[in-house]
2 protein chains.
Amino acid sequence: MSEAENEWLPQPDVEDIELVKVLQALADPVRLSLLKVYATGERFSCAPDALGIAHLHKSTVSHHMKIMREAGLTSTRAVGRNRYVQLRRDDLDARFPGLLDSLLKSLPD
Amino acid sequence: MSEAENEWLPQPDVEDIELVKVLQALADPVRLSLLKVYATGERFSCAPDALGIAHLHKSTVSHHMKIMREAGLTSTRAVGRNRYVQLRRDDLDARFPGLLDSLLKSLPD
DNA sequence: GAGACTGTTGGATGATTGTCAAACGGTACG
DNA sequence: CGTACCGTTTGACAATCATCCAACAGTCTC
């Protein structure tokens with residue numbers, strides 16, 4: 001059975017996103033590289049290989065995902081046994097105008 | 001004697017400023033509040049009271065200053081027994097266009 | 001139902017961090 | 001010179017963090 005149940009994992013409301021939390025979430029090389037991956041607009045599952053962090057254990061990836069989601073950077077939809085993660089671009093633009101764009105422009109290639 | 005010897009403390013060159021380091025430097029409530037203080041454009045000595053962090057020990061303040069300076073956020077001039085700190089606004093704008101402005105706009109009042 | 005698959009949770013560990021306190025080094029000024 | 005002043009350095013400590021491993025929970029597919 002189990003029609004894909006399309007459930008969203010808990011995340012902060014737009015107005016509750018805090019700048020410090022966002023900066024803390026991005027103050028790590030791994031998560032900063034994930035920001036760039038997600039900036040393509042695609043939704044990714046959490047497979048370390050597809051995310052360019054094949055060297056990391058899957059539980060470590062899960063940990064990073066949680067931090068980014070709880071900071072308000074990403075939103076995650078659970079479909080079957082996969083988690084599809086994407087950037088909360090509109091929410092971030094509404095809360096911190098211009099911040100995301102300048103961050104992405106500042107990222108090393 | 002001792003005509004004020006106007007010496008600059010070591011800081012990274014513009015092109016050596018790293019985004020991760022900048023984000024790490026700002027991923028702390030105290031230092032984020034300092035960013036706002038320095039955004040006024042004034043130069044400040046390191047007196048905790050004038051910086052709005054009167055509750056912190058002077059050695060802690062010195063520690064925060066060092067982190068911000070080594071990240072490339074601030075520059076420090078030593079004059080006599082004082083240190084005058086200011087934001088490297090032009091350098092940051094050149095290295096990460098728009099980032100500083102959007103950060104300052106995103107800061108809670 | 002038995003495996004295989006995707007991701008989470010809990011514990012363990014080593015590294016980093018924010019803070020304070022005490023000692024120190026220059027500097028200014030009686 | 002002696003004392004007060006401003007900031008740095010060092011050490012200590014508790015807290016947080018990034019990482020791995022093992023075990024677990026759902027989910028999909030034979």
Side-chain angles (χ1 to χ4, degrees), chain A residues 1-11 18 20-35 43-71 74-86, chain B residues 1-11 18 20-35 43-71 74-86:
Chain A
M1 210 55 37
S2 82
E3 89 181 41
E5 355 115 10
N6 213 315
E7 196 173 328
W8 293 92
L9 269 56
Q11 64 179 37
E18 292 175 38
V20 190
K21 289 272 180 65
V22 169
L23 294 176
Q24 284 171 346
L26 295 178
D28 175 271
V30 171
R31 293 192 292 265
L32 200 52
S33 80
L34 289 179
L35 178 71
R43 286 167 292 116
F44 286 88
S45 82
C46 299
D49 303 42
L51 296 171
I53 46 176
H55 56 107
L56 289 180
H57 198 275
K58 55 178 182 170
S59 63
T60 305
V61 177
S62 182
H63 171 240
H64 286 305
M65 296 301 177
K66 188 178 181 183
I67 290 185
M68 295 186 77
R69 177 170 45 83
E70 292 182 341
T74 57
S75 60
T76 304
R77 208 177 69 235
V79 179
R81 49 188 181 189
N82 294 317
R83 304 296 134 92
Y84 293 105
V85 180
Q86 58 184 345
Chain B
M1 208 56 35
S2 80
E3 87 180 44
E5 355 116 10
N6 213 315
E7 196 173 327
W8 294 91
L9 270 56
Q11 63 179 36
E18 293 175 36
V20 190
K21 288 274 180 65
V22 169
L23 294 176
Q24 284 171 346
L26 295 178
D28 175 89
V30 171
R31 293 192 292 264
L32 199 52
S33 80
L34 289 179
L35 178 70
R43 285 167 292 116
F44 286 88
S45 83
C46 299
D49 304 42
L51 296 170
I53 46 176
H55 55 106
L56 289 179
H57 198 275
K58 56 179 181 171
S59 63
T60 305
V61 176
S62 182
H63 170 242
H64 286 305
M65 296 302 180
K66 187 178 184 185
I67 289 186
M68 296 186 76
R69 176 170 46 83
E70 292 182 340
T74 57
S75 61
T76 304
R77 208 177 69 237
V79 180
R81 51 188 181 189
N82 294 319
R83 305 295 135 92
Y84 294 103
V85 180
Q86 58 183 346

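Below, chains carry the letters A, B, ... as their sequence lines are ordered, and counting in each starts from 1.
Of all the heavy atoms in B:Leu32 and A:Val20, the pair that sits closest is CD2-CG2, 3.4 Å.
Here the P atom of nucleotide D:dT19 and the CE atom of A:Met65 are 12 Å apart, to the nearest Å. The distance between atom CZ of B:Arg83 and atom C1' of D:dT9, rounded to the nearest whole Å, is 12 Å. Whole-Å rounding puts the A:Leu26 CG to D:dC17 C1' distance at 16 Å. As rounded to whole Å, 6 Å separates atom C1' of D:dT27 from atom CZ of A:Arg81. Atom P of nucleotide D:dG26 and atom CZ of A:Arg77 are separated by 21 Å, given to the nearest angstrom. When rounded to the nearest whole Å, the span between CG of A:Leu9 and P of C:dG7 equals 12 Å.
Between B:Met65 and B:Thr74, the closest side-chain pair of non-hydrogen atoms is not below 4.5 Å.
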Compile the donor-acceptor pairs under 3.5 Å between side chains in residues 50-64 of chain B and protein atoms, sequence neighbours left out, one pair per line.
| unit_1 | atom_1 | unit_2 | atom_2 | d |
| --- | --- | --- | --- | --- |
| B:His57 | ND1 | B:Ser59 | N | 3.2 |
| B:His57 | ND1 | B:Ser59 | OG | 3.0 |
| B:His64 | ND1 | B:Arg31 | NH1 | 3.1 |

In the 5'-to-3' direction, what one-character label does each nucleotide of nucleotides 16-24 of chain C receive under the scheme B = base within less than 4.0 Å of a protein heavy atom, S = sugar-phosphate only, - = no such atom? --SBBBB--
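Side-chain atoms of A:Arg69 do not come within 3.5 Å of backbone N or O of A:Thr76 as any donor-acceptor pair.
Distance check, rounded to the nearest 0.5 Å: CG of B:Leu26 to CG of A:Leu26 gives 11.0 Å. With rounding to the nearest 0.5 Å, the separation of CD in A:Gln11 from CD in A:Glu70 is 11.0 Å. Taking CG of A:Leu35 as the start and CG of B:Leu23 as the end, the distance is 9.5 Å to the nearest 0.5 Å.
Checking A:Asn82 against A:Lys66, the closest nucleotide of DNA chain C that is more toward the 5' end is the one next to A:Asn82.
Rounded to 10°, the angle separating the first-five-pair axis and the last-five-pair axis of the helix from C:dG1-D:dC30 to C:dG30-D:dC1 equals 20°.
Taking B:Gln86 as the reference, B:Trp8, B:Arg43, B:Ser75 meet the side chain to side chain contact (heavy atoms under 4.5 Å, CB included) condition, with sequence neighbours excluded.
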